Every structure is written in structure tokens, then in C-alpha cells.
There are 2 protein chains.
Amino acid sequence: MKFTINRSAFISQLNNVLRAISSKTTIPILTGLKMVVANDSITLTGSNSDITIESVMSASNEDYELKIAEPGSIVLPARFFSEIVKKLPDKHVTIEITSGFQADITSGSAKFQINGQDAENFPHLPEVEANNTVVLANDMLKEVIRQTVIAVSKQESRPILAGIHVTLHDGLLTAVATDSHRLAQRKVQLDGVGDVNYDVIIPGKSLDELSGMISDVDDDVKMQVTDNQVLFIFGNTHFYSRLLEGNYPETSQLIPDTSDTTVEVDAGTFLSSIDRASLLSHESRNDVVKLTIKPGEKLVRISGDSPDIGMVEEDVATSAVEGNDLEISFNPNYMKDALRSFGQSTVKISFTSPLRPFTLVPTEDTENFVHLITPVRTF
Amino acid sequence: MKFTINRSAFISQLNNVLRAISSKTTIPILTGLKMVVANDSITLTGSNSDITIESVMSASNEDYELKIAEPGSIVLPARFFSEIVKKLPDKHVTIEITSGFQADITSGSAKFQINGQDAENFPHLPEVEANNTVVLANDMLKEVIRQTVIAVSKQESRPILAGIHVTLHDGLLTAVATDSHRLAQRKVQLDGVGDVNYDVIIPGKSLDELSGMISDVDDDVKMQVTDNQVLFIFGNTHFYSRLLEGNYPETSQLIPDTSDTTVEVDAGTFLSSIDRASLLSHESRNDVVKLTIKPGEKLVRISGDSPDIGMVEEDVATSAVEGNDLEISFNPNYMKDALRSFGQSTVKISFTSPLRPFTLVPTEDTENFVHLITPVRTF
């Protein structure tokens with residue numbers, strides 16, 4: 001195996017694959033980067049057994065300035081190898097297997113020789129069938145992930161809640177996540193997906209990682225599903241994630257369809273106010289803020305009180321306040337996460353009673369995105 | 001006590017004082033920020049008992065838009081108070097003591113009330129006499145600190161080595177630091193200091209913090225010394241540090257004045273090469289790199305070898321190589337720290353033998369800055 005490549009183009013592909021590689025793993029070879037050199041391309045693979053990322057550099061892409069002298073394969077210690085490549089002095093780097101599993105790395109006057117492993121020992125990739133491919137617009141996919149991943153559970157007590165429940169029926173893509181204190185649901189009508197149907201639970205962490213990767217590219221994303229894997233393809237990258245097994249809780253009837261008090265606020269302004277009030281609540285034992293709503297006086301007041309520390313009070317500007325008077329308390333972190341996911345829009349918040357979950361929807365599209373938060377009992 | 005002030009101008013002074021305040025302290029009141037409001041100024045004080053920072057905001061400085069309604073004083077929880085001020089909505093903030101030690105903080109529609117403490121309980125500042133003042137140029141002081149602080153010991157076994165030994169005799173300022181593996185010494189001839197003499201040991205941490213603070217201002221720095229404190233004055237800030245007590249080891253005779261092999265290299269280029277070689281040495285048990293010097297062949301080679309991991313080898317460009325052949329091994333971290341302190345200059349490295357300390361000096365000024373490194377025995 002021997003090839004020479006443009007170093008900075010190589011580094012950008014290395015960085016992609018490194019996202020899947022952890023230095024803490026129970027399978028030692030997964031700290032390695034697999035490199036397979038064919039006659040006209042190089043494939044890099046990294047995996048942490050949850051996700052696997054594969055990046056193909058074709059000799060026909062002139063950016064790589066790729067010259068392959070001899071095919072072959074090897075697994076090299078990923079972190080160490082990438083640090084070396086990043087610090088080499090020259091524009092190009094040459095990587096060559098000299099004897100056994102030893103790789104020579106040369107660039108300018110610098111020469112490294114590092115010990116690798118047999119690529120045959122690297123776990124094999126799952127086979128994913130291509131007959132249920134759906135094409136997702138890059139920006140739309142990022143938005144769906146951003147709006148739902150915040151509600152994914154970080155607790156290990158119910159592993160299924162660490163996933164996002166993604167379904168596709170009759171062209172309607174629905175993503176739902178809940179940690180049992182809050183829930184986020186986003187729907188998107190897809191065109192031209194034919195009769196492809198999905199019902200899968202994808203780990204939130206995997207989608208978070210995917211979202212970061214597709215932020216760097218403009219490509220649309222192809223999605224394919226098998227029994228226990230999902231594959232996302234964009235540019236020259238294949239991103240595999242395992243699926244969570246089990247039944248996701250039924251969530252559709254959790255979302256109330258009536259309300260007794262509604263408030264419309266600017267998401268950014270309301271976020272700033274909640275953020276301020278949370279400074280005080282974070283210092284106190286029970287991390288809650290109170291919302292006092294009096295539609296008759298057009299009053300919406302955020303407040304917090306902790307005898308040891310002090311108190312906070314702020315009246316919030318609103319574009320509409322309707323319905324019954326209400327006092328309700330909630331965890332400000334849930335509210336902050338929710339409001340951030342709305343970006344720069346007006347949000348309608350609908351309440352029923354002090355102990356029943358309330359919903360947030362963007363006023364410009366009340367059907368396709370809803371965030372639900374369970375209040376905290378303080379009396 | 002009551003005043004109104006421009007919030008962003010207030011925040012920049014708060015940030016200054018916060019540098020001295022630690023949330024981990026054995027003296028609870030030192031987690032607080034002391035605020036003393038006089039008729040025409042506000043003084044903020046923070047301290048961690050090693051360093052104390054005092055910042056005076058005068059009503060005559062229009063940037064503060066300071067309106068003092070009533071003098072007074074209080075100690076407020078520093079981190080919590082500054083987070084609140086930073087997140088308030090309006091251009092101005094009003095702070096008022098309403099009853100006892102409770103402070104009202106209002107800005108726009110937001111109102112906080114937080115519990116403070118009696119300012120009388122805050123430790124009193126040391127008195128520093130003004131009869132031995134020396135004025136130090138801002139850039140010069142930063143350079144002296146930068147070049148010596150790297151050699152300060154991080155180990156607690158010999159507390160005196162955690163300081164920089166600063167002396168002033170006949171107008172010659174000398175700063176020396178050593179952790180017993182390396183030493184850095186910088187001299188500066190000062191003009192117009194009269195017959196002021198110093199011989200003090202200032203904690204490296206204090207000078208590091210000072211260096212960060214004076215980076216933000218253009219002012220020259222006044223220095224004053226008492227028995228157990230040093231005071232630096234710049235702009236509207238007073239920066240106090242305690243001095244280390246004890247005798248600093250005699251260092252002048254540690255620096256060799258002869259050499260058998262010398263090499264001249266560009267600091268930046270040599271740093272890159274050492275940095276690369278250290279990637280390999282960091283992975284191996286004994287973190288050393290080897291330098292092979294053969295003046296007859298104009299050869300200077302950096303190399304490292306670790307059977308488990310691999311090897312590295314690089315020939316270094318030099319502007320001069322003279323004297324005897326030599327092989328010498330050293331900790332690459334010491335060399336990297338030293339080379340960084342030289343910035344963009346040519347460095348002359350002078351060796352005697354494989355087991356004797358070697359020196360680095362900038363070729364443009366070989367008298368006033370010297371860095372000494374002890375090699376590592378590998379045979």
C-alpha cells in the first residue's frame with residue numbers, strides 16, 4: 001500500500017471519520033482508523049459501534065491530488081495518526097506500508113513510522129438495502145433534528161427514550177422525542193417518496209452527530225433503513241447508526257387539543273426573560289420559575305423567590321393574552337430549550353390548568369411543530 | 001446606598017475584579033464582591049487572599065454615566081451578582097440597598113433582590129507605602145513575565161519555586177524562575193528609578209494574572225513593594241499580590257559561560273519540528289526526544305524511538321552548526337515552552353556535554369535573556 005495525497009484535503013476527510021471514533025471503547029481496534037486503498041480511491045472508516053462513518057476519496061477528484069502507487073489496507077491508531085498528519089510540514093503526505101503492519105508517513109523533511117493492525121480484524125459494516133431510499137433536504141433534516149433532539153432523555157433508566165421516534169407514512173415524516181417531562185414533535189410532508197414507510201427509533205446522539213456533519217455540506221441527504229441500522233448518505237460520506245430496539249411509547253394522545261389560557265410572545269424576548277429568572281432559580285433548591293397570567297390586565301409576569309438568596313420579578317411584553325387567570329410553575333431549563341428551538345418567531349403558549357402540561361407552537365405554523373412541557377407542583 | 005450606571009462600562013470593571021475572586025475559598029466572604037459607594041466614585045474589590053484587585057469608577061468619567069444618589073457599602077455574592085448584571089435587559093442598571101444588606105437591582109422591566117453581607121466584614125487591604133515606586137513600560141513588563149513564568153515550578157514540594165525572583169539593583173531589573181529542571185532569566189536596564197532597590201519573590205500565578213489584565217490596557221504600570229505585598233497600579237486598577245517568604249536559591253552560577261557545540265535555528269521552525277517529534281514521545285513511557293548534531297556534515301537531526309509505537313526522524317534547517325559532535329536527549333515540553341517564549345527570532349543553543357544543562361539565547365541580544373534546560377540521561 002502506498003499513496004500520496006494533498007494533506008489539507010486528507011485532513012478534512014480524517015476529521016469527518018474521527019467523529020465516530022472514541023478513545024474510550026471496550027473494543028480496542030475501534031480506537032483505530034481503517035484505511036482501504038483501491039486502484040482509484042481510498043476509503044476511511046471509523047466506528048464506535050453505535051455509529052460508523054465511512055468517507056471515500058476518489059482519485060478522480062482533483063482536490064485530493066491523489067496518486068495511488070499500490071493498493072492495500074491497514075488500521076492505524078486514529079488519534080495519534082491524525083495528530084501527526086495535522087502537524088506535518090509539507091503540502092503533501094505519503095503513506096506507505098513497508099513491512100507487516102508498519103506505516104511510513106513522510107512529508108517534507110519529517111518521517112514517522114507507526115505501528116498499525118490488520119484491517120481484516122476491523123468489524124465489518126452492516127449491509128443496508130437500497131430499496132427504501134428517501135431523499136431529505138439538508139436544511140429540513142437539520143431543523144427536524146434540532147427541534148426534537150432537545151427532548152431526548154439523558155437518563156439511562158429508560159433506554160428507549162434516548163431515541164427519536166421517526167415514522168414515515170403516506171409521505172408524512174413525523175419525529176417525536178420525550179424524556180417524560182417534555183415532548184417535542186415535528187411533522188414534515190415529503191414529496192415523491194412513493195410508498196416507502198418507516199417506523200424506527202434512532203439514538204438522539206447519532207442524529208446530533210449527523211446534524212453537525214451535514215452542517216458542513218450543502219448536499220441533500222439520502223436515508224435508508226434496515227432492521228437494525230439506518231444509513232444516511234451525503235457527499236462522499238456514509239453515516240450508519242444502529243437503531244434502538246423496542247416499542248416507543250404512544251405519544252399522540254399526550255398533546256392536549258383544548259386550552260383555557262393562551263399567551264403569544266416573541267421567542268427571543270421571552271427567552272431572555274426566562275434566562276434572567278433562571279439565574280435565581282438555579283441558585284435555589286427547587287429550580288422553578290412562576291408565570292402569573294392575568295388576561296384582564298394584559299399581564300404576564302415571570303417571578304422567582306428563594307428566601308436564602310433573594311427574588312426576581314419581570315413583566316413580559318406579549319402580543320396577545322387570552323382566557324382565564326393562571327399561576328403556573330415550571331423548570332426554566334425546559335422552557336429555555338424549547339424557546340431556543342423556535343428561533344426567531346412568535347410562539348403561542350396554551351395552558352389548561354396549573355398541573356396539566358402546556359404546549360408551545362409557532363404562530364405561523366401551528367400544525368407541524370409542537371413542544372409540550374409538564375409544569376411543577378409547588379403547592 | 002443607591003446609584004445608576006452604564007451597564008456595559010460597569011461589566012468591564014466587574015470582570016477585572018472577578019479575576020481575583022474564586023468560588024472555592026476557605027474564607028466564605030471572599031466569594032463576595034465588595035462595593036463601596038462614595039460621593040463621587042464607586043470602588044469594587046475582589047480578593048482570593050493571594051491577590052486582591054481594586055477598581056475605582058469615578059463619577060467624573062463620562063463613560064460610566066454614573067449617578068450616585070446615596071453613598072454606602074455592601075458585599076454581594078460575586079458570581080451570581082455579575083451574572084445578573086450581564087443578563088439585564090437595559091442600557092443602565094440601578095443598585096440600591098433597601099433594608100439591611102439586601103440589594104435591589106433594577107434594569108428595564110427586570111427587578112432582582114439579592115441578599116448581601118456587611119462590607120465591614122471584608123478583609124482589609126494591606127497598606128503599601130508609595131516611597132519606592134518604579135514605573136514599568138506595559139509591553140516590557142508583559143514580556144518579562146511571559147519569558148520567565150514558564151519556568152515557575154508547578155510542584156508544591158518547594159513552594160519558593162512557585163515564585164519569580166525579582167530584583168532591582170542600580171536600575172537593573174532581573175527576573176529569574178526555575179523549577180530545578182529548567183531556568184529562565186531576563187534582565188532589563190530601567191531608566192530613572194533612582195536608588196530604589198527590590199529583592200522579592202512574587203508568585204508566578206499572580207504575575208500571570210497581572211499579565212492578562214495589563215494586556216487589555218495601554219497604561220504603564222507603577223510597582224510598589226512592602227515587606228509582604230507588591231502593588232501594581234495601572235489605569236483605575238490596583239492589583240495587590242502577597243510575596244513569597246524565604247530565600248530564593250542562588251541561580252547565577254548555574255548558567256554555563258562556555259560551550260563545546262552551538263547551533264543557530266529559527267525559533268518557529270525548530271518549534272514545529274520539536275512539536276511533531278513530541279507527538280511520538282508523548283505516547284511513549286519516557287517522554288524524551290534526541291538531538292544529533294554533526295557540525296562536519298552541517299547536520300542537526302531530531303529523532304525519537306519507542307518500540308511499541310514507532311519512530312520519528314527529521315533533519316532541521318539551521319543557520320549555523322559549530323563545535324564537537326553531540327547526541328543529547330531532553331524533555332520536548334521544556335524545549336517547546338522555551339522556544340515559544342522567544343517568539344519570532346533566531347535562537348543560539350549552546351551545549352557542553354550530553355549530561356550538562358544547555359542554554360538558549362536570542363542571537364540579537366545574547367546578554368539579557370537566557371533559558372536553561374537540563375537534559376535527560378538515556379544511557
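To find a chain, count down the sequence lines: A is the first, B the second, and so on, and within it residues start at 1. All values derive from a computational prediction rather than experimental measurement.
- Under a 3.5 Å cut-off, the side chain of A/N115 and the backbone N or O of B/P307 do form a donor-acceptor pair.
- Taking NZ of A/K86 as the reference point, atom CG of B/L279 lies at 11.0 Å (rounded to 0.5 Å).
- Note that OG of A/S109 and CD of B/E313 are 10.5 Å apart. Values are rounded to the nearest 0.5 Å.
- When heavy atoms are compared at a cutoff of 4.5 Å, A/R79 approaches chain B solely by way of its side chain, counted from C-beta outward.
- When heavy atoms are compared at a cutoff of 4.5 Å, A/P89 approaches chain B by way of both its backbone and its side chain.
- Note: A/D275 leads A/T106, A/I105, A/D275, A/I84 in heavy-atom pairs under 4.5 Å with chain B.
- Using a 4.5 Å heavy-atom cutoff, the side chains of B/L88 and A/R276 are in contact.
- Interface remark: B/D308 contributes backbone atoms only to the contact with chain A (heavy atom separation under 4.5 Å).
- Within the 4.5 angstrom heavy-atom criterion, no atom of A/D104 approaches chain B.
- Here the CD-OG distance, from A/E83 to B/S278, works out to 9.0 Å after rounding to the nearest 0.5 Å.
- More than 12 heavy atoms of other residues, nucleotides or ligands sit less than 6.0 Å from atom NZ of B/K336.
- The candidate with the highest count of non-hydrogen atom pairs below 4.5 Å against chain B, out of A/A277, A/A110, A/S272, A/A103, is A/A110.
- Here the CE-CD distance, from A/M311 to B/Q113, works out to 6.0 Å after rounding to the nearest 0.5 Å.
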